[in-house]
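What follows is a single structure, written as structure tokens, with notes after it.
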Amino acid sequence: MSIVALDEPGRTELLMGNEAIARGAIEAGVSFCAGYPGNPSSEIMETLAETAKQIGHYAEWSVNEKVALEAAAAASFAGVRAISSMKQNGVNVVADFLTNLSLSGTKGGLVLVTCDDPSGISSTNEEDARFIGRIGFVPVLEPSTPQDALEITKFAFDLSEELKSLVVVRSLTRVSHTRGLVRFGEIKKNKATPRFDTATSFHTFPVSFKHQIMREKLARAAEIFEDSPFNQYTGQDRPEVLIIVSGVSVLYAKEAISLMGLQDRVGLLRIGTTWPLPPKLVTAHLRSTDRILFLEEVDPYLETSVKAMSAQLGPELGLKHFYGKESGHIPSVGELSCDLVAEALHRIMDVPLPAVDRDYLDRAKKAADELVPVRELGFCPGCPHRASYWSIKNALKMDGRDGFVSGDIGCYTLGIFPTGFNQVKSVHCMGSGLGIACGYGKLGAQGFDQPVITVCGDSTFFHAGIPALINARYNQSNFVLLILDNSATAMTGFQPHPGTGMAAMGNPAGRVDPEVLCRALDLPVTVCDPYDLPGTTKTLYEAVKQGQEAQVIIMKRKCALVQNREGGFPYRLEVDQEKCRGLNCGCSRYCTRIFRCPGLIWDSSTKTARIDEAICVGCGVCADVCSHSAIIRRPKNVGQTA
Amino acid sequence: MKDPFNLIITGVGGQGNVLASQIIGRALVKKGYLITVGETYGLSQRGGAVSSHIRISSKDQYGPVVPQGMADVVLGLEPVESLRILATYGQPEVWCVVNSRPIYPIGVNAGDAVYPDLEVLKNTVAGLSKKLWWIPAADIAAEIGGFFMTNVIMLGALAATGSLPLNQDDYKAALKDIIPPKKLDINLTAFDRGLAEGRA
């Protein structure tokens, strides 16, 4: 029984922002939920899947974000409430459908939640997905706290039904992955039975007419937002400086104001209805002062919207001083913080920064600079990707034609770093490694003679890799595709996908075997065990050498974290201290310096390698890396892993 | 208690940072505090540094990130990570509760970087703390069942410091709420061992 599903209005729980979003959908009476995993959004659909049987809604991990929103739209067309969740990159994937969906309109409340990741803490970019509000003509709402996330999600369904439009809720890492107190409301009962009314239709024609309707819906949204409880003002009637803020930054602003004692001088206008902005509310506040500071993550979205509004009303409002990302008072990249807000207020108002012991911080920073080593990201102990990249590195070296790897999205993106022996030379978006390889593979006629390997995880292959592979088959592009099949969407928390035979709600599901699929394309397919270093290296070398067309090698080995949960690994490793050649091995300490598994540590007193018992899981791969047989695999009782 | 009171838990992915913050969070909520827990664990399983910021107040809800120079307690599941946190969030009155067992960064194993001498590190952290508890949690963990117990042992040590407005029963009640029944006994043992070590 999940706490999130409890029908106890008034109950207060410590919930993660993502759980609160799921609770908001449950309270709104959602019937259909579909998403694709991606940090920091994954826990939304996980929670909805976990609560599905208790509450009676449906939840699925779709093959990608676009299919997720399309499936959710079907539920809306059939008159019931639906939600789709994703990270910021997913909004790009749905954009084509979305910009047509806003023309066709919707019926049952339809909400898209995007969780953006300022600073790219777990992302390849720090894109601001609010852009979709402008190009898609859909309202965008922004929660600031977990409680707010619940309320805004719930409201989004009502708004969607009123406007007959998709509504976007835009969360942030510091909302989605923050735990805060959340007070439960009532769960809507008596949901409608889905039924498509064949007297209705959902399409974009006539296009300009529908475009006009879309604009009118946005104008209506702006009117509704004039009185929205999600826009709140705190402060004097005529503040010296007005802060206009959205998202989690409202909490940073409140704290900075309080630490600097500026409560009577700075006003705080928190905007929860970011797009379209309610013009009367905003202009009323613009009239109250001449100095305005914008706080938002990541891009200056509110900032440019308010400035445009101000320019429109120019003569009436008079000249304003705007401070924010465009003026350089707030950094244009990365997350915000209380400290950055304080810094901006310090510069604008010439007031002292919050009192902290600068001497102490200088001293602590100096000590840390001197003593604290960088902690680089690396594959987990036992990770099959480390073994795969080891074989890739050696196969390409044996081939000798300066081959390289086109990378993709997943844990194996870390192949750009030393943990993957820097083999990966490009990374962009889901499936793009394959698409890019299609291009390299056709450059031969122009004299390109380097072999290309592209790596793609199993979930990524299903998500966006398949069309590119069909393209390769059709256009006869020459490259080697390695499907790194670890039977999990590991990066985002082990969600099931079409290859696993399990569905989101824990039920058995139809299984799609990548091997069968690739064979159906009439491409050569080989299956390898990445732990078998010599065998895999040989297979890879031969594929690279003989390549006339696209070839598929499936690297099959469970994610080490999954293996650990399912009973662990068979070996206990040890380093024979007599045999270890230490500094004399392979231009010095080959295993720790080159193979870089965190389970292998360097003992600086004996100048030999050792196993870190706290880290090593016992996969045994390193025993094959050591050319002096100093690393020894001994059997251990499977199941008794630490 | 200072209001807000700021606790930072730091460590390396896989050490159980988030579970520790959940247990503390739950215990504080039961006592009626307004709390916010900010977690940073983007690629945490992949060897990176992770941290949880816990903001405790009886008046207001605070943001999920502690302002610089304003940590009141640092619970360090790994020694150099504790110093890394102090460099941004420390202040002269901070209390530190630190597990003495290093997890070596890959760069250290590879010879690209150096892990500081533990005595030097301990003295440096001590010099930057009003009070320091240096806990051999990994030794205790190895003795009672495995390294994965480290986080709960460290919770016991934190309880011993009395720095948070929680007594040991509050922590134990939260443990019971969150840890599956099968694993509860071993975790309570771990907590008690940490508590004893913290008091020693």
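Order of the sequence lines fixes the chain letters, A, B, ..., with proteins taken first and strands second; residue numbering starts at 1 for each chain.
With respect to chain B, the highest number of heavy-atom pairs below 4.5 Å among A:L600, A:D603, A:L361 belongs to A:L361. The candidate with the highest count of non-hydrogen atom pairs below 4.5 Å against chain B, out of A:V356, A:T178, A:D117, is A:T178.
If you measure heavy-atom distances from A:A355 to chain B, the contacts under 4.5 Å come from the backbone alone. Proximity to chain B (any heavy atom under 4.5 Å) is shown, for A:R375, by both the backbone and the side chain. In this structure, chain B has a heavy atom under 4.5 Å from the side chain of A:E13, while its backbone stays farther away. The parts of A:L371 that come within reach of chain B are both its backbone and its side chain, each placing non-hydrogen atoms under 4.5 angstrom from that chain. Contact annotation for A:P354: only side-chain heavy atoms (C-beta onward) come within less than 4.5 Å of a heavy atom of chain B. Of the two parts of B:T36, the backbone and the side chain both hold a non-hydrogen atom closer than 4.5 Å to a non-hydrogen atom of chain A. At a 4.5 Å heavy-atom cutoff, A:S258 makes no contact with chain B through either its backbone or its side chain. When heavy atoms are compared at a cutoff of 4.5 Å, A:L259 approaches chain B solely by way of its side chain, counted from C-beta outward. Heavy atoms closer than 4.5 Å to chain A are found in the side chain of B:D112, but not in its backbone. The contact between A:V248 and chain B is made entirely by side chain atoms (from C-beta outward), counting heavy-atom distances below 4.5 Å.
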For this session: Begin with the C-alpha distance, continue with both residues' side-chain angles, and end with the deciding distance and a verdict on side-chain contact (heavy atoms from CB on, under 4.5 Å) for A:E376 and B:V108.
Result: CA-CA 10 Å; A:E376 70 188 46; B:V108 168; over 6 Å; no

For this session: Decide yes or no on side-chain contact (heavy atoms from CB on, under 4.5 Å) for B:L128 and A:R363, but give the supporting numbers first.
Result: CA-CA 8 Å; B:L128 291 166; A:R363 202 153 49 88; 3.8 Å; yes

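Listed in order of number, the residues of residues 172-184 of chain B that approach chain A to under 4.5 Å between heavy atoms amount to none. Using a 4.5 Å cut-off between non-hydrogen atoms, no part of residues 185-199 of chain B approaches chain A. At a heavy-atom cut-off of under 4.5 Å, chain A is reached by B:V65, B:P67, B:Q68, B:G69, B:M70, B:E78, B:V80, B:E81, B:L83 from residues 65-83 of chain B, listed in order of number.
Taking 4.5 Å as the limit, every side-chain heavy atom of B:Q61 sits out of range of all side-chain heavy atoms of A:K254. Using a 4.5 Å heavy-atom threshold, the side chains of B:I106 and A:P418 count as separate.
Looking at B:R84, its side chain does come within 3.5 Å of a backbone N or O of A:P373 through a donor-acceptor pair.
The shortest non-hydrogen separation linking B:P92 to A:Y360 is N-CD1, 3.6 Å.
For B:Y104, the ring-ring contact (aromatic ring centres under 6.0 Å, His included) criterion is met by B:Y115, not counting sequence neighbours.
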